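Here the structure comes first, spelled out in structure tokens, and everything after it is commentary.
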Amino acid sequence: DKVITVIEEAKDRIINLGVHSKNTIVVSNTIDLESFSLIENPKKLDGFSMLYSGGVNEHRGLQIVIQALKILKSSGYNINLLIVGGGNYMPSLKRLANSLDVQEQLIDYGWTSYQAMMQMIVSAQILIIPHLKSAHTDATIPNKLFQYMFAQKPLLVSDCVPLKRIVNSENAGIVYENTNPKDLAEKIKLIYDDYDHHLKSSVKNKNLVKTKYNWSIESQKLDSLYSSL
């Protein structure tokens, strides 16, 4: 029997269970370009903003981002963190922001419409995926990675295995140590201090999604599997 996995990092685990590698097919969690779109003329946001969209739980690592905001503020960098989404960890994040005196830089939009989320993705200066490393995050690819790449904005990701693999291999953004707010702050400074360069470097990411990381291509693997049964 053939086995389908959602990302490449899970392949070795499946093989270790006794499934032969030739019977393993990798299907990635990419976006469907036929139903995906971004706002053409985004509204300008106040200040320099870094955006995260999605669920808000402890393993998402947003507490590390808030700690980095404190380091940045102490160095004279005034950068906002926009959160579009929600979850049971949001009150803890707000308490942390208050204790570090960066509460004004944490902007909670809550869950919004899809269109509003797309508007903010293309309006923010930096897009971030700050997930903490775990057995789960080292064996899954968040769909937002490809949404962010399509938006052609500087991309920051933690060093979870699949995020690091794709971003480094494609030179699609910058990777930081997932539990290290000092390293994250330094990486944010790199982007901020030479923003035009990093913005220009991000333009190619859209074409990567169009030609490689999309469901039209991934679905062919499923078609081949079904045809072989």
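Please read these numbers as outputs of a predicted model, since none were measured by experiment.
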According to side chain to side chain donor-acceptor pair (under 3.5 Å), who are the partners of [X], at least two apart in sequence or on a separate chain?
| X | result |
| --- | --- |
| Lys70 | none |
| Glu104 | none |
| Lys144 | none |

Could you tell me whether a side-chain N or O of [X] sits under 3.5 Å from a main-chain N or O of [Y], the two making a donor and an acceptor?
| X | Y | answer |
| --- | --- | --- |
| Asp138 | Val161 | yes |
| Tyr52 | Gly55 | yes |
| Tyr213 | Lys206 | no |

**Report entry** Test salt bridge (charged side-chain N to carboxylate O under 4.0 Å, His left out) applied to Glu58 - qualifying residues, sequence neighbours left out
**Finding:**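 Per chain and number, Glu58 pairs via salt bridge (charged side-chain N to carboxylate O under 4.0 Å, His left out) with no residue.
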
Mind checking the [atom1]-[atom2] spacing from [X] to [Y]? Nearest 0.5 Å is all I need.
| X | Y | atom1 | atom2 | answer |
| --- | --- | --- | --- | --- |
| Leu163 | Ile166 | CG | CD1 | 7.5 Å |
| Leu145 | Ile31 | CG | CD1 | 9.5 Å |
| Thr30 | Phe146 | OG1 | CZ | 6.5 Å |
| Ile188 | Gln125 | CD1 | CD | 12.5 Å |
| Ser49 | Leu127 | OG | CG | 10.5 Å |
| Leu51 | Ile129 | CG | CD1 | 11.0 Å |

Co-membership, hydrophobic cluster, residues [X] and [Y], 4.5 Å side-chain:
| X | Y | answer |
| --- | --- | --- |
| Met120 | Leu62 | no |
| Met50 | Met90 | yes |
| Met117 | Tyr148 | yes |
| Leu199 | Ile121 | no |
| Val65 | Val175 | no |

Query - Derivation of the side-chain contact (heavy atoms from CB on, under 4.5 Å) call for Leu132 and Gln63 - result: CA-CA 10 Å; Leu132 300 181; Gln63 64 272 30; 3.7 Å; yes

Requested in this report: Not counting sequence neighbours, list each pair that qualifies as a ring-ring contact (aromatic ring centres under 6.0 Å, His included) and has a residue in residues 84-113.
Outcome: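 Residue pairs passing ring-ring contact (aromatic ring centres under 6.0 Å, His included), neighbours aside: none found.
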
Can you name the side-chain contact (heavy atoms from CB on, under 4.5 Å) partners of [X], sequence neighbours left out?
| X | result |
| --- | --- |
| Lys204 | Asn171 |
| Asn57 | His59, Arg60, Asn88 |
| Ser113 | Gln115, Ala116 |
| Asn214 | Leu33, Ser216, Ile217 |

Query - Sidechain N-carboxylate O distance under 4.0 Å for Lys212, Glu170 - result: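 Looking at Glu170 together with Lys212, the answer is yes, because their closest N to O distance falls below 4.0 Å.
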
Query - Salt-bridge present (Asp183, Lys187; N to O < 4.0 Å) - result: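 Yes.
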
Requested in this report: Would you indicate whether the side-chain heavy atoms of Leu93 and Ile66 approach each other to under 4.5 Å?
Outcome: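 In contact.
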
Result block: side-chain N/O donor-acceptor pairs under 3.5 angstrom for residues 94-102, not counting sequence neighbours:
{"unit_1": "Lys94", "atom_1": "NZ", "unit_2": "Asp108", "atom_2": "OD2", "d": "3.1"}
{"unit_1": "Arg95", "atom_1": "NH2", "unit_2": "Ser92", "atom_2": "OG", "d": "3.1"}
{"unit_1": "Asn98", "atom_1": "ND2", "unit_2": "Lys94", "atom_2": "O", "d": "3.3"}
{"unit_1": "Ser99", "atom_1": "OG", "unit_2": "Leu96", "atom_2": "O", "d": "2.7"}
{"unit_1": "Asp101", "atom_1": "OD2", "unit_2": "Lys73", "atom_2": "NZ", "d": "3.4"}

N/O donor to acceptor pairs below 3.5 angstrom from side-chain atoms of residues 75-86, sequence neighbours left out:
{"unit_1": "Ser75", "atom_1": "OG", "unit_2": "Ile71", "atom_2": "O", "d": "3.2"}
{"unit_1": "Ser75", "atom_1": "OG", "unit_2": "Lys189", "atom_2": "NZ", "d": "3.4"}
{"unit_1": "Tyr77", "atom_1": "OH", "unit_2": "Asp193", "atom_2": "OD1", "d": "3.1"}
{"unit_1": "Tyr77", "atom_1": "OH", "unit_2": "Asp193", "atom_2": "OD2", "d": "3.1"}

Query raised in the report: So which heavy atom on Ala139 is nearest to which on Pro162, and how close?
Result: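 Heavy atoms only, the tightest pair is N-CD, 4.5 Å.
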
Can you give the donor-acceptor pairs under 3.5 Å from side chains of residues 150-159 to other protein atoms, not counting sequence neighbours?
{"unit_1": "Lys153", "atom_1": "NZ", "unit_2": "Val122", "atom_2": "O", "d": "2.6"}
{"unit_1": "Lys153", "atom_1": "NZ", "unit_2": "Ala124", "atom_2": "O", "d": "2.6"}
{"unit_1": "Ser158", "atom_1": "OG", "unit_2": "His131", "atom_2": "O", "d": "2.5"}
{"unit_1": "Asp159", "atom_1": "OD1", "unit_2": "Asn178", "atom_2": "N", "d": "3.0"}
{"unit_1": "Asp159", "atom_1": "OD1", "unit_2": "Asn178", "atom_2": "ND2", "d": "3.0"}

Query raised in the report: For the side chain to side chain contact (heavy atoms under 4.5 Å, CB included) test, which of Ile126, Ile128, Ile191 pairs with Ile174?
Result: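 Exactly one pass, corresponding to Ile191.
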
